[in-house]
Engineer: 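This is the structure, below, for whatever I ask next.
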Amino acid sequence: MRGYLRLILLPSLFCSAVTARPVSYTGGWTIIEESDRQSSSALVHYTPAPSWSIGLRTEVNRDNDYAIYSVHPTLLAKRWFGKDYQGNLYFHGGIGVASGVYGNPLRDETAVYGGIMADWETRSLFAGYRSRYLDAGHFGDQFMHAARVGYAPYEGDSGDLHTWLMLEIDHRPAEEVPITATPLVRLFKGPLLLEVGYNLTVNQPLLNFTYRF
Amino acid sequence: MMNSSRTVACALLAALLSAAPVAQNHDHHDHKHEQGGADAMHQDHSDHADHDHSTPSDHTTEASNPTGNGDAHAVLTHTDDIHAALEKGGEPIVADVMGVVCDFCALAMNKIFSKREEIAAVYVDLDTKALNLVLVPGATLSDETIEELAVQAGYRVAAVRRGAQALGNAS
């Protein structure tokens with residue numbers, strides 16, 4: 001069963017995207033790849049209704065040599081609309097299997113995680129927050145949260161290349177270096193979103209990619 | 001410690017899975033349902049016939065609010081597709097949309113609205129925060145349907161203008 005689950009989820013490792021709008025339009029699909037100082041992940045999700053999405057997610061924790069293969073629902077709990085702004089509050093979570101990788105001999109475990117995401121943006125300003133608590137059994141548990149601010153130096157119209165300059169501060173209390181800073185550039189055009197950054201504190205690259213269709 | 005934290009995580013996940021559908025902010029807002037007359041609309045089309053429609057924003061303007069309260073309304077943005085659909089006699093519609101701030105917003109509405117057979121052309125203008133539609137000649141699409149389609153895309157319509165008002169030529 002677990003091997004079958006991995007087989008289903010494996011292709012998502014070769015796809016990519018970011019948590020910009022983790023719930024899409026009705027009937028929409030989204031592919032999201034994220035890679036930060038600790039882990040790399042891929043999520044493919046489908047949006048049956050504008051209030052929630054359901055997806056399959058694979059995450060590889062490079063520090064602790066395990067992977068999580070999970071079913072990942074996201075709920076848009078609240079969206080605030082304004083003429084010039086939009087705000088969102090999401091709950092996200094997942095349940096699946098944690099499994100050793102890179103020679104890690106530990107047996108498979110059930111893994112669960114959950115957290116919130118919130119963002120507020122205009123066409124030139126962005127603020128966001130996300131948190132997650134993960135329990136992966138004997139692979140360990142983990143809490144992290146991160147805040148991000150961004151500024152778009154120009155306002156592109158539909159179909160234009162949109163450029164954002166952002167700064168993310170993340171806090172992982174259990175890590176040797178708990179607080180780090182990552183400046184990044186977000187490029188946005190049509191269904192594609194690409195984020196490239198570099199964690200200045202621990203010298204790790206950040207690469208996020210989203211494709212919506 | 002591990003068991004209790006796992007219990008908390010399971011509870012969070014259970015709450016997420018059982019949560020009620022999203023409560024989007026549907027505060028009361030005004031809907032303008034003015035209908036432009038067909039004659040006026042086709043007169044408006046001819047007014048635009050000699051214009052250069054090479055860029056979407058060439059003809060994007062904001063018309064004075066007939067109510068005189070100082071607000072301005074977006075009028076139809078003329079892309080090539082919009083112009084071609086107007087030339088065929090389709091009804092122009094402009095809907096002000098709340099919260100349209102990025103290309104994913106535009107993509108969502110383009111995807112939802114372009115599936116409808118009543119719609120000949122669609123363009124989301126981020127500058128004017130407006131959904132621009134031109135219907136297939138003879139087709140109709142109610143304001144309520146437009147609002148519902150916007151909800152499916154994840155957004156909310158604040159006002160709908162048609163015909164001459166959509167083109168900014170209402171007297």
Side-chain angles (χ1 to χ4, degrees), chain A residues 20-21 23-28 30 47 49-52 73-88 91-95 110-115 121-124 126 133-135 137-138 140-141 143 155-160 162 188-193 210 212-213, chain B residues 1-27 29 55-57 60 71 77 79 96-112 115 123-129 132 149-156 158:
Chain A
R21 302 281 184 277
V23 176
S24 183
Y25 57 88
T26 304
T30 305
T47 299
S51 58
W52 65 286
T74 302
L75 174 73
L76 172 59
K78 182 83 171 175
R79 173 167 287 169
W80 292 269
F81 297 99
K83 183 181 178 186
D84 300 313
Y85 71 88
Q86 179 185 140
N88 299 287
F91 295 104
H92 66 101
I95 186 166
T110 300
V112 294
Y113 57 87
E121 67 179 295
T122 69
R123 291 182 69 198
S124 58
F126 176 91
Y133 175 75
L134 162 70
D135 182 354
H138 54 231
D141 59 353
F143 173 75
E155 293 183 356
D157 206 346
S158 299
D160 293 344
H162 299 244
F188 209 151
K189 183 173 174 59
L192 293 167
L193 184 153
T210 298
R212 178 155 289 175
F213 55 102
Chain B
M1 174 62 185
M2 184 70 80
N3 284 341
S4 62
S5 60
R6 176 165 287 205
T7 302
V8 170
C10 286
L12 271 174
L13 187 61
L16 171 63
L17 292 171
S18 63
V22 65
Q24 293 193 9
N25 186 348
H26 284 296
D27 296 340
H29 56 279
T55 59
S57 59
T60 301
D71 290 343
T77 300
T79 65
D96 297 329
V97 183
M98 305 290 278
V100 178
V101 293
C102 70
D103 244 13
F104 275 0
C105 315
L107 175 71
M109 281 188 287
N110 274 322
K111 290 279 188 181
I112 292 292
K115 289 177 182 173
Y123 179 74
V124 178
D125 192 326
L126 294 179
D127 287 334
T128 59
K129 288 112 181 153
N132 299 267
L149 291 171
V151 168
Q152 286 183 29
Y155 300 92
R156 191 177 73 188

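Just so it is clear, the values below take in all heavy atoms, side chains as well, and ignore hydrogens, waters and symmetry mates. In the text below, chain A, chain B and the rest are named by the order of the sequence lines, each starting its count at 1.
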Engineer: First locate atom NZ of B/K111, then atom CZ of A/F213, and finally report the distance between them rounded to the nearest 0.5 Å.
Structural biologist: 9.0 Å

Engineer: Examine distances only and state if a side-chain atom of A/R212 and a backbone atom of B/F104 form a donor-acceptor pair shorter than 3.5 Å.
Structural biologist: no

Engineer: So, using side chain to side chain contact (heavy atoms under 4.5 Å, CB included) as the criterion, who are the partners of A/D160 when residues are at least two apart?
Structural biologist: A/D157, A/H162

Engineer: Indicate the atoms forming the closest heavy-atom contact of A/F188 with B/C102, along with that distance.
Structural biologist: CE1-CB, 4.1 Å

Engineer: What is the distance from atom CZ of A/R123 to atom NZ of B/K129, rounded to the nearest 0.5 Å?
Structural biologist: 5.5 Å

Engineer: Find the one option among A/S24, A/G27, A/G82 whose heavy-atom pairs under 4.5 Å with chain B are most numerous.
Structural biologist: A/G82

Engineer: Excluding sequence neighbours, so at least two apart, what forms side chain to side chain contact (heavy atoms under 4.5 Å, CB included) with A/Y85?
Structural biologist: A/W80, A/W120, A/T122

Engineer: Could you tell me whether A/K189 and B/D103 make a salt bridge, using a distance below 4.0 angstrom between a side-chain N and a carboxylate O?
Structural biologist: no

Engineer: Got A/Y25 and B/M109 here, is their nearest side-chain heavy-atom distance under 4.5 Å?
Structural biologist: no

Engineer: Taking side chain to side chain contact (heavy atoms under 4.5 Å, CB included) as the criterion, tell me which of B/D127, B/N110, B/L107, B/L126 meets it with A/S158.
Structural biologist: B/L126

Engineer: Considering all heavy atoms of both residues, which atom of A/Q86 and which atom of B/C105 are nearest to each other, and what is their separation?
Structural biologist: NE2-SG, 3.9 Å

